[in-house]
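First the proteins, then the strands, lettered A, B, ... as listed; each starts at 1.
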Number of protein chains: 2
Amino acid sequence: MTRRSRTHQSTPSNEQAILDAALTLAVTAGYEGTTMAEVARLSGLPVGSVYWHFNNKEQLFSELIDYCFETWKADHTGPTNRDLLRRSIAGSAGGSVNPENKAEAFWILALLFALEKRLTGNLARERYLEVRKQMFELMVERVEPQIPDSVLAVDPEFGRKMVVLGRALTDGFYIAASSGDDIDFLEFADLSASAVEALIARRAAAVAADEEKQ
Amino acid sequence: MTRRSRTHQSTPSNEQAILDAALTLAVTAGYEGTTMAEVARLSGLPVGSVYWHFNNKEQLFSELIDYCFETWKADHTGPTNRDLLRRSIAGSAGGSVNPENKAEAFWILALLFALEKRLTGNLARERYLEVRKQMFELMVERVEPQIPDSVLAVDPEFGRKMVVLGRALTDGFYIAASSGDDIDFLEFADLSASAVEALIARRAAAVAADEEKQ
DNA sequence: GTCTATACGATGATAGAC
DNA sequence: GTCTATCATCGTATAGAC
């Protein structure tokens, strides 16, 4: 244990180079498919440096999750754009991820860690589960202002439900794109976005009708 | 190359034991995470037997895909039940797959092969892409009778679109379940199923309105 | 067809010079 | 902090007895 304390003040550039390399490899090769040697090669640093900056593979991936999360938090401020879901699905087209986009890349890591259940207990997977929870909370906070108050009064969880549905659709279409499904992602992006909007409108109408009866 | 020709007439039971073991491991550990030694151990056979029945890991997984596909084809005959989507999403709850259910397990393999793009060129991944196409064709054939003819006349691809959407939703909620999202899957199953039905109804109404104008 | 022993490469990780 | 050399282990695959 000759490692430095886990603070980021010293030479952040090499550490970032390693994280960027790991991210690029992870989104195409998965956790087991990403090797420390390859991470080193791609980052332009020797293996020793990787192990100086990160204790081991688990910790590297764990910090990779945080790295993406920090970027995501910085990007996703302010009220949600109505087109957010539409754009995220449309962006799936081709099934390739741009690792430059840390926020987007997080959700690919998410798919990896969700599926490899053998990694239960793995530091990185546990961190993923924790960060995912936090991201959902933040997304719910941003989506709720778009839900009519009358709906939330009846079903306080409705905002969360729309977030969950949006995530499921985005993940599902990313899988489709990665499987070479020959479909028009723009059309499905529109379809999904309008379906969610329709659900909100329908629920609002139902609540209004209910109140009428009172 | 001292292997037998690829026919299944001889001692199918051990071959099946190996496939079952591989399937169980694959759905929890992924492709890279599944080792031949572990497959052998779980099947109760020595490593040598595994390599006698299957040339290598790639071929084992390739045949695993076919194995699931055959079972799926046998199960999925006749017209679709309206509750199919509802049940497949509800079945995701907990994020665990029962490897006994080959048909369901196929879609977990699907997720694995969709994500590990490093496996491009891998026999098993190529086979997955091919089988996936075939399964979609079969699903479209079964769903189309449920779509009003008037809709299909205007948009012959509408049946396929609903199949794609249903698959995306099912995959997306499986990811959610595997990530420990604490949601009511039965509710989302209902929500998704009714959303798809609403889309069909809405499209039918739109087509009818259009014809009115003619 | 079954099984044991083993070759061989790849991978995670460390030691220690600079 | 950087880098080279190296180790121990594991994983795929094979050889060959039975």
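Distance, A:Phe54 CZ to D:dG1 C1': 14 Å, rounded to whole Å. In this structure, the CG atom of A:Asn56 is 17 Å from the P atom of C:dT11, given to the nearest Å. Look at NE2 on B:His53: it is 16 Å from P on D:dT14, rounded to the nearest Å. What separates CH2 of B:Trp52 from C1' of D:dT14 is a distance of 16 Å, to the nearest Å. Here D:dG11 presents its C1' atom at 12 Å from OH of B:Tyr31, a figure rounded to the nearest Å. One interatomic measurement links the two molecules: CD1 of A:Ile18 to P of D:dG1, which rounds to 11 Å at whole-angstrom precision.
Every residue two or more places apart in sequence or in another chain was checked for a ring pair (Phe, Tyr, Trp, His ring centres under 6.0 Å) with A:Phe106, and none qualifies. For B:Arg125, there are no salt bridge (Lys or Arg N to Asp or Glu O under 4.0 Å) partners two or more places apart in sequence or in a different chain. By the ring pair (Phe, Tyr, Trp, His ring centres under 6.0 Å) test, B:Phe61 is found to be paired with B:Tyr31, residues two or more places apart in sequence or in another chain being considered.
Between A:Tyr67 and A:Asp20, the side chains place a donor N or O and an acceptor N or O closer than 3.5 Å (distance only, hydrogens not considered). Donor-acceptor pairing under 3.5 Å is recorded for the side chains of A:Tyr128 and B:Ser179.
The side chain of B:Asn14 contributes no N or O atom lying less than 4.0 Å from OP1 or OP2 of C:dG1. Residue A:Tyr51 places at least one side-chain N or O closer than 4.0 Å to OP1 or OP2 of C:dA13.
No cation-pi contact links B:Arg132 to B:Trp107, judged by a cut-off of 6.0 Å to the six-membered ring centre and 45° from its axis. Remark: A:Lys57 fails to qualify as a cation-pi partner of A:Phe54 under the 6.0 Å distance and 45° angle criteria applied to the six-membered ring.
Using a 4.0 Å cutoff on non-hydrogen atoms, the parts of residues 32-45 of chain A near DNA chain C are A:Thr34, A:Thr35, A:Met36, ordered by number. Listed in residue order, the members of residues 112-126 of chain A having a heavy atom less than 4.0 Å from DNA chain C come to none.
Test A:Thr170, A:Ile175, A:Leu169 against A:Phe173 for side chain to side chain contact (heavy atoms under 4.5 Å, CB included) and you get one pass: A:Leu169.
Comparing the helix axis at one end of the helix from C:dG1-D:dC18 to C:dC18-D:dG1 with that at the other, each defined from 5 consecutive pairs, gives an inter-axis angle of 10° (nearest 10°).
We find that A:Lys161 and A:Asp155 are joined by a salt bridge, their nearest charged nitrogen and carboxylate oxygen being less than 4.0 Å apart.
The closest side-chain heavy-atom distance from B:Tyr174 to B:Ile89 is not below 4.5 Å. Within the 4.5 Å cutoff, the side chain of B:Phe113 has no heavy atoms near those of the B:Leu129 side chain.
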